[in-house]
Undergrad: 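Structure below; questions to follow.
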Number of protein chains: 2
Amino acid sequence: MFGYNTISIDQKHRFSIPAKYRADFLKTNETELVVTKDPQYPSLKVYKGSEWKNISSKLQSLQGLDPIVRNLQWTILGNASVTDLDPSGRMLVLLPEELRNYAELDNDNKFLFIGMGNKFEIWNTDNWNLRQTGGTLATEILDVVLPISIKEMSF
Amino acid sequence: MFGYNTISIDQKHRFSIPAKYRADFLKTNETELVVTKDPQYPSLKVYKGSEWKNISSKLQSLQGLDPIVRNLQWTILGNASVTDLDPSGRMLVLLPEELRNYAELDNDNKFLFIGMGNKFEIWNTDNWNLRQTGGTLATEILDVVLPISIKEMSF
DNA sequence: ACAGAATCCGGCTTACAGACCAACTCATTT
DNA sequence: AAATGAGTTGGTCTGTAAGCCGGATTCTGT
């Protein structure tokens, strides 16, 4: 569940989870996977079903009157796309248009699928390179003043 | 797990773990090894699987909206390359292009593989010499303001 | 309600990266 | 100088990714 992979989306907006990660899904009997928006950067996050359960339930329980909390809930919960994995065959994931646009993924282009341990991130290659070399992306969210309840969370 | 070795990478981008360290892997029943970027200098770090588990799980649990934390997670977790060791044969490790570029390793050149006790470092020879004599590398990262949670960690 | 169109999904095929295995060279030791 | 062990190289073969294609399902407009 670590590391750097370049993969591509086909004309039907599908991509496959790299084979080296499949064992990790199978051995914990994970049958589903959730893709959603990253609240700070133009990228997507991919969680295993069990991880998603933790994160989403924590996020739901945060106090709902704080505007920042509500923004996070909208972004993360409201855009979640649940996919069932086919454990025997290739693990194909269909990306909804809203998410493709958000992460600026053009069809038939290469993009990055990056393993971060308990989750994956999906990035447009140019955005990733820019961000890694210290650049600032037009769409990123800076200096968010976070309520204490969120500061204790790891997404 | 200490000391200074010259190694080389072949045209298939492989290098072999110096024989004197192999016993250390075998006797603790380590079956895997992880190579990743050093967040400060243009060099690579090599961890035994058990060491990597500690470091990566600590890093994952840090607060996920802090931009500095995310930078570290991207660099260290996102570029990790996990290799399964074949205990019977020679221990060959494949270095992905991203990591070779980062540490400025050209094919068919000699590099340094330096044992630091619980980890190894891989350096381009010129960069290492420059750094050891007090020089500053173009790509190194200075004066990063780190959140307290990170200051307590050792990578 | 129906026909045509667009979208979705699985199977099949091919090219290629990476794993595996084996051999060769060089250095060191006896 | 022979033998052993280490590092390095090379060939082969398997498994994976990704393109292609056809069938199924859903959507749309009439």
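The shown structure was predicted, so the numbers you read here are calculated from the model rather than taken from an experiment. Order of the sequence lines fixes the chain letters, A, B, ..., with proteins taken first and strands second; residue numbering starts at 1 for each chain.
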Undergrad: Using whole Å, what does the distance between atom C1' of nucleotide D:dG10 and atom CG of B:L92 come to?
TA: 12 Å

Undergrad: Establish, yes or no, whether a centroid distance under 6.0 Å links the rings of B:F111 and B:W128.
TA: no

Undergrad: Return the value, rounded to whole Å, for the distance between atom NZ of B:K20 and atom C1' of D:dA6.
TA: 12 Å

Undergrad: At less than 4.0 Å, is any side-chain N or O atom of B:R22 found next to OP1 or OP2 of D:dG5? Yes or no.
TA: no

Undergrad: If I take atom NE2 in residue B:H13 and atom C1' in nucleotide D:dT8, what distance separates them, rounded to the nearest angstrom?
TA: 15 Å

Undergrad: When you measure only distances, ignoring hydrogens and angles, does the side chain of A:R14 come within 3.5 Å of the base of D:dG19 through a donor and an acceptor?
TA: no

Undergrad: Return the nearest nucleotide to the side chain of B:S16; candidates are D:dG7, D:dA17, D:dG19.
TA: D:dG7

Undergrad: Once you round it to whole Å, what is the distance between C1' of D:dG10 and CD1 of B:I9?
TA: 18 Å

Undergrad: Within this structure, what is the CD1-to-C1' distance between A:I17 and D:dA17, rounded to whole angstrom?
TA: 13 Å

Undergrad: When you get a sec, tell me which of D:dA18, D:dG7, D:dT8 is the closest nucleotide to the side chain of B:P18?
TA: D:dG7

Undergrad: When you get a sec, tell me which of C:dG18, D:dA18, D:dT8 is the closest nucleotide to the side chain of A:K110?
TA: D:dA18

Undergrad: Between B:T75 and B:P39, what is the shortest heavy-atom contact and its length?
TA: CG2-CA, 3.9 Å

Undergrad: Establish, yes or no, whether a centroid distance under 6.0 Å links the rings of A:Y21 and A:F120.
TA: yes

Undergrad: Let me know the distance between CG of A:D10 and C1' of D:dC20, rounded to the nearest Å.
TA: 10 Å

Undergrad: Please report, rounded to the nearest Å, how far the P atom of C:dG18 is from the CG atom of B:D84.
TA: 15 Å

Undergrad: Whether B:Q11 contacts D:dG10 is assessed here as follows: a side-chain N or O lying under 4.0 Å from the phosphate OP1 or OP2. Is that the case?
TA: yes

Undergrad: Is the backbone N or O of A:G115 less than 3.5 Å from a side-chain atom of A:Y4, with the two atoms forming a donor-acceptor pair by type?
TA: no

Undergrad: What residues, two or more places apart in sequence or in another chain, satisfy side-chain hydrogen bond (donor to acceptor under 3.5 Å, both in side chains) together with A:E121?
TA: A:W123, B:R70, B:W74

Undergrad: Report the distance from atom CZ of A:F15 to atom C1' of C:dC9, rounded to the nearest whole Å.
TA: 16 Å

Undergrad: As a test of reading the structure: which of C:dG10, D:dA17, D:dT12 is closest to the side chain of B:K12, going by heavy atoms?
TA: D:dT12

Undergrad: Among D:dT16, C:dG18, D:dG19, which nucleotide has an atom closest to any side-chain atom of B:L94?
TA: C:dG18

